[in-house]
Amino acid sequence: MTTDLSGRTAIITGASRGIGLAIAQRLAGAGANVVLTARTQEAADAAAAQVDGTALGVAAHVAEDDAAQRCIEAVLDRFGGIDMLVNNAGTNPAFGRLIDQDHGRFAKIFDVNLWGPLLWTSCAVKAWMGEHGGAVVNTASIGGMSFAPHMGLYNATKAALIHVTKQLALELSPGVRVNAVCPGVVRTKMAEVLWKEHEQALSVTTPLGRIGEPVDVAEAVKFLVSDAASWITGQTLVIDGGQILGDASGFRVSLDG
């Protein structure tokens with residue numbers, strides 16, 4: 001079993017920066033052709049330029065059916081197949097209490113965070129993976145397993161994505177494996193509100209002593225799409241430095257004492 005991805009092609013949605021870009025870089029480093037999507041062609045091209053290897057940037061809004069289909073067709077024309085799909089694009093326009101949200105923000109966050117992964121998986125399976133096999137990884141969150149102030153709607157989308165991951169793993173077996181990664185607080189622009197003003201305090205309470213870096217998630221994704229994970233499907237891999245376990249600082253004090 002190996003994590004070598006030579007000769008294979010991966011699509012990573014929401015890959016202009018952060019976790020998505022790190023995933024593209026790691027998969028390309030393992031030998032894969034990588035396709036990075038972003039909202040604009042300029043952003044997609046800029047991201048692809050940061051990848052060492054064969055990389056293609058494609059403008060595609062993750063929740064638009066036509067955009068997804070055009071991207072799938074472009075990838076098949078360029079590379080001849082789609083072996084891996086990483087549904088990484090996400091958004092959170094609904095920061096705050098659940099009862100303070102409106103339908104517009106509700107619709108946007110579910111469109112991007114839940115419909116997007118379903119749409120792209122459907123397109124990839126019908127165009128290629130259904131006949132040839134493949135691996136899908138969805139970027140969920142530990143928020144989908146817990147509760148947090150102001151994050152209720154975002155966490156609801158991630159909880160739903162975890163459920164959908166398991167459902168798809170059953171529906172698409174045995175040819176297509178479907179798994180999810182559940183990051184904790186990672187150093188990304190989207191998550192800045194969770195760490196930027198209090199990184200040191202958060203690091204102290206995290207069992208492994210730091211917040212996450214995009215590469216931490218990228219390495220896990222590389223494993224899940226590779227042959228080394230060929231008997232893994234329907235799983236959610238938590239990558240959070242132990243954050244979901246709770247505040248570690250008190251345990252350290254008692255052990256040191």
Side-chain angles (χ1 to χ4, degrees), residues 1 3 12 14 17-27 29-30 86-92 94-97 113 117 137-166 169 177-226 228-229 231-257:
M1 296 299 181
T3 57
I12 304 99
R17 62 190 183 196
I19 291 173
L21 178 56
I23 292 170
Q25 291 168 331
R26 278 300 185 270
L27 298 191
V86 182
N87 290 307
N88 176 73
T91 189
N92 186 15
F95 189 77
R97 297 191 306 171
N113 293 1
V137 176
N138 297 320
T139 301
S141 168
I142 61 170
M145 301 175 170
S146 58
F147 307 92
H150 311 299
M151 298 291 290
L153 209 51
Y154 176 84
N155 288 350
T157 67
K158 296 304 185 177
L161 185 56
I162 291 169
H163 179 89
V164 163
T165 296
K166 296 176 184 296
R177 297 187 299 106
V178 187
N179 292 290
V181 289
C182 291
V185 179
V186 176
R187 193 187 308 280
T188 65
K189 184 174 180 60
M190 181 177 168
E192 278 184 345
V193 68
L194 302 177
W195 63 266
K196 191 168 186 179
E197 300 299 325
H198 46 266
E199 179 179 346
Q200 183 58 39
L202 180 58
S203 296
V204 168
T205 62
T206 298
L208 293 187
R210 65 174 175 85
I211 67 170
E213 302 292 344
V215 68
D216 294 318
V217 183
E219 287 290 352
V221 172
K222 183 179 75 172
F223 165 70
L224 286 173
V225 298
S226 75
W231 211 47
I232 300 175
T233 195
Q235 299 305 304
T236 55
L237 178 55
V238 174
I239 310 154
D240 70 343
Q243 290 169 348
I244 200 170
L245 299 175
D247 186 344
S249 57
F251 290 87
R252 294 195 192 101
V253 169
S254 62
L255 288 173
D256 292 342

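Just so you know, these numbers come straight off a predicted model, no measurement behind them.
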Quick one: list whatever passes salt bridge (Lys or Arg N to Asp or Glu O under 4.0 Å) with Asp216, sequence neighbours left out. Arg210

With sequence neighbours excluded, residues passing salt bridge (Lys or Arg N to Asp or Glu O under 4.0 Å) with Arg26: Glu219

Of all the heavy-atom pairs spanning [X] and [Y], show the shortest one and how long it is.
{"X": "Leu224", "Y": "Ala180", "value": "CD1-O, 4.3 Å"}
{"X": "Leu153", "Y": "Ala94", "value": "CD2-CB, 3.6 Å"}
{"X": "Ile211", "Y": "Gln243", "value": "CA-NE2, 4.3 Å"}
{"X": "Tyr154", "Y": "Thr91", "value": "CD1-O, 3.5 Å"}
{"X": "Val186", "Y": "Pro214", "value": "CG1-N, 3.6 Å"}

Residue of the set Thr139, Leu237, Asp240, Val238 for which side-chain contact (heavy atoms from CB on, under 4.5 Å) holds with Pro183: Thr139

Can you list everything that forms a side-chain hydrogen bond (donor to acceptor under 3.5 Å, both in side chains) with Asn179? Sequence neighbours excluded, please. none

Sorted by chain and residue number, the side-chain hydrogen bond (donor to acceptor under 3.5 Å, both in side chains) partners of Asn87 (sequence neighbours excluded) come out as Thr121, Asn138

Can you confirm whether [X] sits close enough to [Y] that some side-chain heavy atom of one is under 4.5 Å from a side-chain heavy atom of the other?
{"X": "Asn113", "Y": "Leu161", "value": "no"}
{"X": "Cys182", "Y": "Ile162", "value": "yes"}
{"X": "Glu199", "Y": "Ser203", "value": "yes"}

CE (Met151) and CG (Asn92) are apart, to the nearest 0.5 Å, by 5.0 Å

Can you measure from CD1 (Ile244) to CD1 (Ile239) and round to the nearest 0.5 angstrom? 12.0 Å

Once side-chain contact (heavy atoms from CB on, under 4.5 Å) is applied, do any residues pair with Ala169, and if so which ones, sequence neighbours excluded? Val178, Thr233

Kindly write out the residues that satisfy ring-ring contact (aromatic ring centres under 6.0 Å, His included) with His150, not counting sequence neighbours, or none if the list is empty. Phe95

Okay, side chain of Lys222, backbone of Leu27: is any donor-acceptor separation there less than 3.5 Å? no

Measure from the side-chain N and O atoms of Asn88 to the backbone N and O of Gly14, and report whether any donor-acceptor pair falls under 3.5 Å. yes

Does a donor on one side chain and an acceptor on the other come within less than 3.5 Å for Thr205 and Asp247? no

